[in-house]
> 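This is the structure I have questions about; it appears just below.
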Amino acid sequence: MGFRTVCASIVCKSTYRLLRLMKRGGTSLPGKLALKVDPNYLNTLAKGVRTLVLTGTNGKTTSTHIVAQALENMGEQAFYNRSGANLIQGITTEFAIRSSIGGKPRYKLAVIECDEGALRRVCAAVDPEVLVVTNVFRDQLDRYGEVTHTLENIMAGVKNSPHATLCLNADDSMVASIADRVDNDVVFYGVDCEIYPERVEDLSDATHCIKCGAEYQYDYVTYAHLGGFKCPSCGYHRPAPKVAVERIVERRSDGCTVELRVDDDRSIVDLDVPASYDIYNCACVVAGLEAFKFPREQAFKAVSKFKHGFGRSEVFDIDGTRVRLMLMKNPAGCNQIINLLLNEPDQNMGIVCILNDQECDGTDVSWIYDAAWEAICAHKHEAICSGGRAEDMALRLKYAGMPSGGIRIMKDYDELIGELGRMDHNVTVVANYSAMLEFRAKVASALGLAGFWEG
Amino acid sequence: MADNMQLTIGHLYPDLLNLYGDRGNTITLQKRCAWRGITARVVSLGAGEDADFDDIDLFFMGGGQDFDQYTLMEDLGIGRAGSKASRLTAAIEADVPVLAICGGYQILGEYYVGHDGQRADFIGAIPVYTEAGEDRMIGNMVYEATALEGSPTVVGFENHAGRTRLREGAVPLGRVVKGFGNNGEDGTEGIRYRNVLATYSHGPLLPKNPAVADELIRLALQRRYPGAELPALDDALEWRAHDAMLKRLV
């Protein structure tokens, strides 16, 4: 037990308690201070803990929850970064509050969602046993620079994980290419078929071969640049996945049924969420648990049983109006919501778009022009826009073909909730991250919902 | 003046230079034409795609990733007679309007020197050159477009590591009010060269800056249909979005 470790623990734990006493959330500060005291603090805390790390642009929060809940259901002593703090400071705090003053862990397993930019340092410290990469999409570009930089950030984390089994998305040409650059064991996962009968054209983030620059050909596309890619020039192609969603058995407004395969074991699985990215989350969770050496039946059960929520197709009843809340983060995710709305049986479904530009959202909102709102505006002639960048959202809808007269700007959430309650049709609210949190909190206080981090 | 006016927009490298919602600019040009009964067709000029440049009334080139910028050099064929690069240069000299954003702006310039000291020679159609800087210059920006009729205020978002400098005598598109601009030092933003408007401003640029959009349409229209006028549109929502950002920044 090192003196520095003890000092770091005291600083971390006391700051954490103090923040709680002051009723302040904040999980970053304690870890930040502790790492100042002992730069190797996280290395010490993670020693002896089997760690599964998840990273990538989309799906890491949800997938982390599903894996963690699966482990819990199996009676494993596991923890995860429930607060969603996914930089090294917050992750350090999560480990510290579950360790003794001497830095000895009380848990055997950890499931950690990690920001791509933080991955290099986090992996160096925790030496993951499994590293799951979901996908690489353009997202919050003002923070990271550009898409290939995101891939390089992930690569730096992979290089610091010499003992990890990598779970890579076979359908993402950027993510799959990681396998050829390292010697780690790899479990590929993917979706073997198209997902939507009607689908908007996405702007692809990876049109050209990452290895030779020639334009990819596709056997099929699930969404955006994901699917059965192959390069006609150098032959680089989608690797055969060990874990695959083989077919979509049924599609519903509030969920779907898919057939999953691991090697030759198959299972029909019901999901309580309907979007294409939910189907990918499901495949990546099963791959992660496979690489973590847990029984397949448990993995199938885990994805089947998981209850989503927290802005992922959550439904509220506001004075008789059924309101569905969906999180949009970037063009790829947003287009999947648009696909859902296009395939929505309820023709009268109304739309509210809430757009913020806080740090956690990305301060550059230009990506809304990369999402295919035109497909929505061909059917819908009315919408309400809210959030700090409501005007930009409204303008996007105007240029997507919605008549100006049908677009209303309503920045006050109380007014918006009142208006929702007066509507005579169902509504889908599409909001980006901080907007979703704000709106949800307002609805919660108006309707008296329980606190919203149920995990 | 023709009743049924038509314009052709050549979108250079929509397959490679497509970050930051820049396609919002072609959407805007098309819509603002359509609302006035002008048919605006967008021709995709991606890698391996071509058209007769004499048919193009307005070129657009957006920003992209470093990785892809090297791939497209091959297709531009800089220095080769009859290549896209040389025909684009000729079109610019013939006063065809061009909107170039960020990466597209840099590529129209003379060269780019990367972090590693490597120099990439670009088209050289406009008198600017770019050198990579240490930090990226990122954030909302405002500039006064002094090179345009009426010096309209422009709001946008910049995100670039390159520092661009104008050759002596070249005219910047505007003066930075808030943000970094060409290089974060001399207060200039973009360039106006003949009818080329080049800028670092994403956002995308045109939806919230209808005066700039209409200036481009006017330049294109009057080359094809001398004396043609642009009727005013109801831009209440456009200016509301413009002013909301302006109010926040200035």
Side-chain angles (χ1 to χ4, degrees), chain A residues 138 140-152 174 202-210 212-216 330-331 355 357 362-374 377 385 388-405 407-409 411, chain B residues 14-16 18-32 34-35 46-48 63-72 74 101 103 136 138-140 155-161 201-208 210 233-245 248:
Chain A
R138 62 184 69 191
Q140 305 188 13
L141 288 163
D142 50 335
R143 191 148 58 100
Y144 289 129
E146 294 156 348
V147 184
T148 45
H149 295 182
T150 307
L151 181 64
E152 289 316 305
M174 287 185 274
D202 292 291
L203 221 84
S204 174
D205 292 340
T207 49
H208 288 70
C209 181
I210 191 160
C212 76
E215 193 171 354
Y216 287 123
N330 45 35
L355 184 69
D357 66 349
T363 55
D364 177 12
V365 299
S366 66
W367 64 268
I368 58 176
Y369 282 85
D370 288 331
W373 299 97
E374 282 79 5
C377 295
C385 298
R389 298 292 289 266
E391 297 88 354
D392 289 79
M393 192 64 236
L395 201 53
R396 174 66 186 108
L397 294 179
K398 177 178 176 183
Y399 280 91
M402 193 173 277
S404 314
I407 307 169
R408 284 189 288 165
I409 293 175
K411 288 195 160 185
Chain B
D15 51 343
L16 301 171
N18 60 18
L19 280 182
Y20 315 111
D22 284 337
R23 79 190 190 111
N25 292 315
T26 50
I27 293 173
T28 304
L29 291 169
Q30 259 188 309
K31 284 283 176 195
R32 297 184 70 80
W35 290 329
Q65 305 176 56
D66 300 338
F67 165 77
D68 286 340
Q69 287 184 6
Y70 292 106
T71 313
L72 75 80
E74 183 77 13
I101 312 279
R136 290 190 83 81
I138 303 177
N140 290 303
V155 295
F157 191 96
E158 61 185 323
N159 182 352
H160 53 112
S201 177
H202 302 285
L205 174 74
L206 297 183
K208 280 206 296 279
L233 295 173
D234 174 6
D235 288 333
L237 198 53
E238 283 80 351
W239 288 114
R240 191 166 166 189
H242 176 103
D243 293 344
M245 184 46 71
R248 200 205 281 194

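Order of the sequence lines fixes the chain letters, A, B, ..., with proteins taken first and strands second; residue numbering starts at 1 for each chain. For clarity, every value in this text was computed on a predicted model and none was experimentally measured. What's counted below: heavy atoms across the whole structure, side chains too, no hydrogens, waters or symmetry copies.
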> Between atom OG of Ser366(A) and atom CG of Leu205(B), what is the distance when rounded to the nearest 0.5 Å?
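One finds 11.5 Å between OG of Ser366(A) and CG of Leu205(B).
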> Can you give me the closest heavy-atom contact between Gly21(B) and Tyr369(A), atom names plus distance?
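Looking at all heavy atoms of both residues, the closest pair is O-CB, 3.6 Å.
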> Does the side chain of Tyr399(A) reach to within under 4.5 Å of the side chain of Gln30(B), using non-hydrogen atoms?
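Heavy-atom side-chain distance check fails, nothing below 4.5 Å.
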> With a 4.5 angstrom heavy-atom cut-off, is it the side chain or the backbone of Ala371(A) that approaches chain B, or both, or neither?
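Answer is backbone: N, CA, C or O of Ala371(A) sit under 4.5 Å from chain B.
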> Going by the rule side-chain contact (heavy atoms from CB on, under 4.5 Å), which residues pair with Ala394(A) if we only count those two or more places apart in sequence or in a different chain?
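side-chain contact (heavy atoms from CB on, under 4.5 Å) check on Ala394(A) returns Cys385(A), Ile407(A), Ile409(A), Leu237(B).
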> Measuring from Met245(B):CE to Asp357(A):CG, what's the distance to the nearest 0.5 Å?
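If I round to the nearest 0.5 Å, the distance is 5.5 Å.
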> Please identify which of these residues, Lys208(B), His242(B), Arg240(B), meets the side-chain contact (heavy atoms from CB on, under 4.5 Å) condition with Leu395(A).
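So, applying the side-chain contact (heavy atoms from CB on, under 4.5 Å) to Leu395(A) and each of Lys208(B), His242(B), Arg240(B), only Lys208(B) qualifies.
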> On a heavy-atom basis, which atom in Ala241(B) and which in Asp392(A) lie closest, and how many Å separate them?
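Closest approach of Ala241(B) to Asp392(A), heavy atoms only: CB-N, 4.4 Å.
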> side-chain contact (heavy atoms from CB on, under 4.5 Å) with Glu374(A): which residues, sequence neighbours excluded?
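For Glu374(A), the residues satisfying side-chain contact (heavy atoms from CB on, under 4.5 Å) (neighbours in sequence not counted) are Arg396(A), Ala400(A), Arg23(B), Ile27(B).
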> Using a strict cut-off of less than 4.0 Å between a Lys/Arg side-chain nitrogen and an Asp/Glu carboxylate oxygen, indicate whether Glu238(B) and Lys398(A) qualify as a salt bridge.
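A salt bridge is present here (some side-chain N lies under 4.0 Å from a carboxylate O).
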> With a 4.5 Å heavy-atom cut-off, do Phe157(B) and Thr363(A) have their side chains touching?
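SC-SC contact between Phe157(B) and Thr363(A) confirmed.
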> Go through the atoms of Asp243(B) and report whether side chain, backbone, both or neither lie under 4.5 Å from a heavy atom of chain A.
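Neither part; nothing is under 4.5 Å.
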